[in-house]
Each structure stands twice: as structure tokens, then as C-alpha cells.
Amino acid sequence: MDNVVEQFNIHYLYIVTPLNNNDTDNMLIVLSATTEYEREYHIDEDIVLGYICHDDYSAEMAQAHIDALNNDKISFFEEKSSWGVDYTGFLPLIDSSGKHFALLCVDIDVANIQDIIRAYTIENIIIITVLGIFFMLLLQFWFNKNIISPITNLERSVSVFAENAHEQTDPSKLLLDIPTLHTDNEVEGLYDAISQLSNDMHSYVMNIVNMEEKVSDLKTQVNYMDMLAYQDSLTKVKNKAWYDKTSQRINEEIEEGSAEFAIIMADLNYLKKINDTYGHERGNEYIFGACKEICQIFSHSPIFRIGGDEFVILLEKIDYINRNTLLSEIELIFGDSANNTSMEPWQRYSVALGMAIFNAESDKSIEDVFERADKAMYKKKAFMKAARE
């Protein structure tokens with residue numbers, strides 16, 4: 001233990017047994033290692049085997065030793081005693097019977113630790129500062145070579161091109177003279193883009209008439225893609241995305257006070273049964289056929305498929321005025337269809353319908369009307385199910 005203290009510059013290395021957590025006579029010194037200097041000058045020579053410290057340990061420190069003795073692992077404690085301020089590590093010593101009988105303690109002078117940390121901190125700051133200056137100089141050199149100088153040359157060439165191209169009517173003179181750049185970075189990419197732009201300008205000017213036709217074709221394609229984006233692929237009516245877009249318009253009209261509409265929710269019955277019994281192809285026929293009947297009755301209203309078996313009908317203008325008549329007609333059609341036993345099961349359309357009318361005094365958005373129509377539909381659906389049973 002003396003050699004360990006000398007080799008690792010440890011403040012104290014000793015074995016103690018805490019006796020109690022009183023303010024005095026609370027610690028038994030079992031063994032204490034000393035340095036050659038301490039032995040030569042008889043420092044702490046009165047600390048011998050069996051020495052009981054009188055008032056060297058406070059009650060708090062004594063309790064910390066007792067807690068560490070009862071612990072199965074190494075624990076640590078910042079200790080202030082008559083020998084100084086140390087950072088202490090405790091290792092309980094256990095005999096063959098499992099009894100914790102003493103603590104092996106290692107004290108490291110806090111001041112010594114702070115000196116080491118301070119020295120390493122200063123050293124690291126110096127290293128970081130030197131490296132920072134070096135990399136800043138290196139980065140500045142790299143910027144000058146690969147970015148600033150090439151961009152300056154590129155800017156000069158573009159300025160000359162802009163002066164020559166001003167009100168220029170001869171496409172053959174719209175040429176950009178740029179010095180070749182090889183920087184292997186974004187500047188070279190910019191050079192390539194500008195060079196390509198100069199070459200493309202000749203083709204663009206010479207074919208500007210043809211471009212007008214291409215733009216027209218592009219508009220047609222955009223309109224077609226827009227139609228596909230908002231159209232249900234099976235029934236060809238509008239989809240949930242278009243319903244959300246239409247809802248924005250309706251909500252704006254509600255805020256302006258000009259809204260006048262009603263919503264009919266339509267939910268197909270027996271779709272799961274048809275899919276499970278006859279396959280999804282027949283289920284698709286069932287959905288398509290029911291949607292066709294809805295479209296024929298509500299020919300002046302937008303119809304949206306918002307789910308697998310759910311449709312929304314937005315009644316405005318003439319269909320809003322005739323809403324009750326139209327609702328009676330569609331209910332009659334679906335009632336006859338559902339009871340027509342001469343048709344195939346997937347051709348006997350059964351639909352639960354629920355209608356709600358916008359009320360300017362209570363409805364704040366189209367969602368309020370939608371929810372009431374949805375509740376009315378489910379109420380109708382429950383009634384139809386009860387009637388079947």
C-alpha cells in the first residue's frame with residue numbers, strides 16, 4: 001500500500017471501520033499507508049493499528065462511511081477533514097461469511113485534481129487555438145482558389161455577355177465566352193449551367209414558335225393530371241381530395257354569409273357481404289351501379305366518393321330547391337332495387353341516406369352540416385337493419 005501511494009501520487013490510502021455517526025470517536029483506523037517522506041519525518045506517526053479518531057470526522061462524514069460500508073459497490077464522497085479536502089472512493093471489504101467489516105479508502109487531493117484539470121484545459125485551449133488559426137488560413141486559401149477567383153472570372157464574363165446581348169436581335173451573336181473552370185465544386189456546376197444556358201438560348205430563340213405549341217400541350221396535360229388527381233378511379237365522380245377543396249369554398253361562403261346548401265350522406269349496405277361472397281370484382285360493380293343511380297338523380301350536384309362505400313352529395317341551386325323531391329326519388333329507386341329479386345345480388349342496390357340542411361344560425365362550417373347528415377344516415381341505416389331483422 002505504501003508503494004501504491006508513492007507510485008500514483010495518492011493523498012491517502014487507508015482501511016477504516018466506521019463505529020458510529022457521532023461527532024467524536026466515530027472511526028477506527030485499521031491500516032494507513034504512508035509515503036517515504038512521511039515515514040522519514042514521522043508525519044502522522046500517532047496513527048497506528050487500532051487508533052480511534054477523536055474529532056477528525058464529522059457526524060455527516062461518519063454516516064457517509066457507514067452508508068458506503070453497507071453498499072456492495074464502490075461509492076464516492078467529497079470529504080472535508082482535518083487532513084484537507086479530498087475526493088474519496090470507498091470499497092467495502094467483505095469476509096468469507098459475507099460480512100462487511102471495513103472500508104478500503106482512497107483519498108485524492110481535490111486541489112491536485114483541479115491543478116491537473118486546469119493544466120489539461122490550458123493545453124487543449126492552446127492546441128484548439130493553433131489548429132483553428134491553421135484551418136482558417138487553409139480555408140481562406142481554398143476559398144480564394146476554388147470559389148472567389150473563379151466566381152470573379154465568371155461574373156466578368158457574364159457582365160460582358162449582358163452588355164453585348166442588350167437589344168441584340170441576331171441569335172448567332174448571343175454567345176457567352178467563359179474561361180474554362182475545373183474546381184470540382186458548385187462553382188464548376190454553375191459554370192456548366194451558364195454555358196448550357198448560353199447554348200440553349202440559341203435553340204430557344206430559333207424555335208420560339210414551336211414552343212408556344214408545346215406550352216399549349218403542356219397545359220392540356222396539366223389539366224388532365226389535375227382531373228385524375230381529383231377523380232375517383234372506379235366511379236369517375238370526385239374524390240375525397242376534391243371534397244376537401246370544395247369544403248374550403250363552402251366555408252368561405254359561410255363566412256361571407258352567402259352560403260345556401262344541403263348535404264346528403266349515402267352509405268352502401270351489404271358491400272362487405274358481396275365482396276366476401278362474390279369477390280371484389282362484383283363488389284366494384286355494386287359500387288359503380290349504385291353511384292350511377294345517384295348521379296342520374298342528382299345530375300346538377302357534385303358527388304364525392306369519400307370512402308369505400310360512402311358518398312357525399314352537395315346540393316346547391318336547383319337541386320337544393322328540389323332537395324326533398326330528389327331525396328324521395330332516390331330512396332324510392334334504391335328501395336325498388338333492393339327488393340328486386342330478379343336481379344343479381346350485386347345489382348340490387350341498397351343505400352342508407354341522410355340529409356342535413358345548412359343553418360346559418362347554428363352551423364359554423366360545412367363540417368357541422370356533414371356531421372348532422374352523417375348522423376341522419378346512420379340513424380336510417382340502423383332503422384333499415386332493424387326492419388330486415
Side-chain angles (χ1 to χ4, degrees), residues 4-11 73-80 84-89 106-208 210-212 214-215 217-219 221-222 225-226 229 241 244:
V4 171
V5 171
E6 293 281 0
Q7 183 177 357
F8 294 100
N9 193 25
I10 296 172
H11 199 185
K73 299 182 297 183
I74 297 176
S75 53
F76 301 92
F77 182 73
E78 185 173 329
E79 183 176 0
K80 296 180 181 180
V85 180
D86 292 321
Y87 193 66
T88 303
V106 179
D107 290 358
I108 300 178
D109 191 351
V110 172
N112 185 37
I113 296 176
Q114 293 174 345
D115 290 339
I116 294 173
I117 293 175
R118 190 178 299 108
Y120 275 111
T121 301
I122 295 173
E123 181 180 344
N124 287 331
I125 290 174
I126 294 173
I127 293 174
I128 292 172
T129 303
V130 172
L131 290 176
I133 295 173
F134 172 76
F135 282 112
M136 286 179 62
L137 294 175
L138 185 64
L139 182 62
Q140 184 178 6
F141 172 77
W142 184 89
F143 263 100
N144 288 332
K145 179 180 178 182
N146 295 282
I147 296 180
I148 297 177
S149 179
I151 287 181
T152 301
N153 294 333
L154 188 60
E155 180 186 11
R156 186 181 301 111
S157 299
V158 172
S159 298
V160 173
F161 172 78
E163 293 177 1
N164 295 334
H166 184 63
E167 296 182 357
Q168 180 60 254
T169 58
D170 186 0
S172 62
K173 295 182 179 181
L174 294 175
L175 298 174
L176 180 62
D177 183 17
I178 305 178
T180 303
L181 299 177
H182 296 291
T183 58
D184 295 327
N185 57 26
E186 288 77 3
V187 177
E188 184 175 352
L190 179 61
Y191 160 79
D192 294 338
I194 295 177
S195 298
Q196 185 64 43
L197 177 64
S198 176
N199 296 330
D200 292 344
M201 187 174 296
H202 289 79
S203 301
Y204 175 78
V205 173
M206 298 302 296
N207 297 287
I208 193 169
N210 294 332
M211 287 298 297
E212 184 177 351
K214 292 180 180 179
V215 169
D217 293 340
L218 182 60
K219 288 181 178 179
Q221 293 178 13
V222 169
M225 293 299 294
D226 186 71
D244 293 337

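Just so you know, residue 1 is the first one in the sequence shown, and it goes up from there. For clarity, every value in this text was computed on a predicted model and none was experimentally measured. What you see below is based on every heavy atom in this structure, not just the backbone, and it leaves out hydrogens, waters and symmetry mates.
How far CG of Asn124 is from OG1 of Thr129: 10.5 Å, rounded to the nearest 0.5 Å. Here the straight-line distance linking atom OG1 of Thr121 with atom CD1 of Ile128 works out to 9.5 Å at 0.5 Å rounding. Distance check: Asp107 CG to Tyr87 OH gives 12.0 Å after rounding to the nearest 0.5 Å. The CD atom of Glu123 sits 7.5 Å away from atom CD1 of Ile126, with the distance rounded to the nearest 0.5 Å.
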